[in-house]
Number of protein chains: 2
Amino acid sequence: MTSTRHFSLAMDRLRNAGLRPTRQRLALAKLLFEAGDRHITAEQLHSEALQANIRVSLATVYNTLHQFTEAGLLREIVADSGRSYFDTNTSDHHHFYFEKNGMLMDIPNHEMVVNGLPNPPAGTRIARIEVVVRLAE
Amino acid sequence: MTSTRHFSLAMDRLRNAGLRPTRQRLALAKLLFEAGDRHITAEQLHSEALQANIRVSLATVYNTLHQFTEAGLLREIVADSGRSYFDTNTSDHHHFYFEKNGMLMDIPNHEMVVNGLPNPPAGTRIARIEVVVRLAE
DNA sequence: GTGTTTGCAAAGTGTTTGCAATTTA
DNA sequence: TAAATTGCAAACACTTTGCAAACAC
């Protein structure tokens, strides 16, 4: 707790991930990580940034989301062919998907479990198991 | 087993689904259903049709896949943001997804089970549970 | 004949890319 | 100032749509 500490949590995250803490990355990191768990698309994050008066291009939002994902700060979720979701909760969990409006929601921790995992076909390994519970009205 | 029966299985399927058995629908139904379980995208089916000398437009392939899905002859699978897969196996089962080449494969019947289904949020019902086991090399 | 289906080409959506200008360290 | 990052606009991949011509019954 030194008095010369100027670095925010967001800045630390970026530094630790080896990403230069540029104005755009810092602002996006704050939007993403300072509001609890989020599931967001590139276009949603972009318009949120613009509303918050953060000038950033959509291309940079895409770049940033992918860089954060590679750095392990985000997880990409496939729930809808047509767009990608990014989840700020990178721990092992699954999702509800509301078909009505395209929203995602975490399924409360370990409430649901996958049993009897199959052996992966020869020459492959399981990279991830993704469970999406699709909800209709 | 009357001797005046001219209708193929594919034609029966279409009639039962209330779809006119047009040349295009019949040909696509044969490609889809006469070769065991398949996981196919619209573009794959289109190029397969062209190779088999079936003249059909990509738009018609899309229309047909959606009509077959609505009629319950196919199931749409979300495994990759960017394209839709259609599965000729409409029974309850899950999939391996090969990240390497974008292919899907059924997970052998009931080898894997989801336990502890969560209650759906108020005002919703579970429309489907989709499990995708993503495979890397 | 009448309503359905098809094919084309255009438009739409979400995403990626090339590259010059800007920013960071 | 050297390397990384950004923004723009164009390109992309996949999908949907509007409408006139062709087809099924």
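Numbered from 1 within each chain, the chains take letters A, B, ... in sequence-line order. All values below come from the heavy atoms of this structure, side chains included, with hydrogens, waters and symmetry mates left out.
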Inspect the contact between [Y] and [X] and indicate whether a charged nitrogen and a carboxylate oxygen are less than 4.0 angstrom apart.
X        : Y        : answer
B:Glu48  : B:Arg38  : yes
A:Arg83  : A:Asp80  : yes
B:Arg134 : A:Glu130 : yes

message = Does A:Arg75 qualify as a cation-pi partner of A:Phe86, given the criterion of NZ or CZ under 6.0 Å from the six-membered ring centre and within 45 degrees of its axis?
response =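 Here A:Arg75 fails the 6.0 Å and 45° test against A:Phe86.
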ask   = Below 4.0 angstrom from OP1 or OP2 of D:dT5, is there any side-chain N or O of A:Arg25?
value =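 Yes, because at least one side-chain N or O of A:Arg25 sits under 4.0 Å from OP1 or OP2 of D:dT5.
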request  = May I ask you to verify if any side-chain N or O of B:Ser81 is less than 4.0 angstrom from the OP1 or OP2 atom of C:dT15?
outcome  =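 For C:dT15, neither OP1 nor OP2 has a side-chain N or O of B:Ser81 closer than 4.0 Å.
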query = Parallel, tilted or perpendicular: which describes the rings of A:His39 and A:His93, with under 30° parallel and over 60° perpendicular?
reply =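 A:His39 and A:His93: tilted rings.
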task = Locate the shortest heavy-atom distance separating B:Val114 from A:Met112; write the atom from each residue and the value.
result =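 The answer is CG1-CG, 3.5 Å.
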key: Under 3.5 Å: donor-acceptor pair, side chain of A:His94, backbone of A:Asp106   =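 No; zero donor-acceptor contacts below 3.5 Å.
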key: Where protein sits on nucleotides 17-25 of chain D, one letter per nucleotide: B base, S sugar-phosphate only, - none, heavy atoms under 4.0 Å   = B------BS
note = For DNA chain D, the expected dot-bracket line (Watson-Crick or G-U under 3.5 Å, [ ] crossing, | inter-strand) is |||||||||||||||||||||||||
Atom-pair distance ([atom1] on [X]; [atom2] on [N]), nearest Å:
X       : N      : atom1 : atom2 : answer
A:Gln44 : C:dG14 : CD    : P     : 10 Å
A:Tyr85 : C:dT13 : OH    : C1'   : 13 Å
A:Arg83 : D:dC14 : CZ    : P     : 19 Å
B:Leu26 : C:dT5  : CG    : P     : 13 Å
A:His66 : C:dT17 : NE2   : C1'   : 13 Å
A:Glu43 : C:dT13 : CD    : C1'   : 8 Å
A:Leu65 : D:dT6  : CG    : P     : 12 Å
A:Leu19 : C:dA25 : CG    : P     : 12 Å

query = Looking for any heavy atom pair under 4.0 Å, which part of the strands does A:Gln24 touch: base, sugar-phosphate only, or nothing?
reply =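 It contacts sugar-phosphate atoms only.
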request  = Quick one: label B:Ser84 by what it contacts on the DNA or RNA (base, sugar-phosphate, nothing), any heavy atom closer than 4.0 Å.
outcome  =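 The answer is sugar-phosphate, as B:Ser84 gets under 4.0 Å only of primed atoms, P, OP1 or OP2.
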ask   = Looking at the side chain of B:Thr60, which of C:dT6, D:dT15, C:dT15 is the nearest nucleotide?
value =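 The listed nucleotide nearest to B:Thr60's side chain is C:dT6.
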task = When you get a sec, tell me which of C:dT16, D:dT15, C:dT6 is the closest nucleotide to the side chain of A:Tyr62?
result =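 In terms of side-chain proximity for A:Tyr62, the closest of C:dT16, D:dT15, C:dT6 is C:dT16.
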task = First locate atom OG1 of A:Thr60, then atom CZ of A:Arg23, and finally report the distance between them rounded to the nearest 0.5 Å.
result =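 With rounding to 0.5 Å, OG1 (A:Thr60) is 9.5 Å from CZ (A:Arg23).
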inquiry  = Just so I know, are the side chains of B:Tyr85 and B:Val78 near enough to count as touching, which here means a heavy-atom distance under 4.5 Å?
reply    =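 The answer is no, as the side chains (C-beta and beyond) never meet within the 4.5 Å cut-off.
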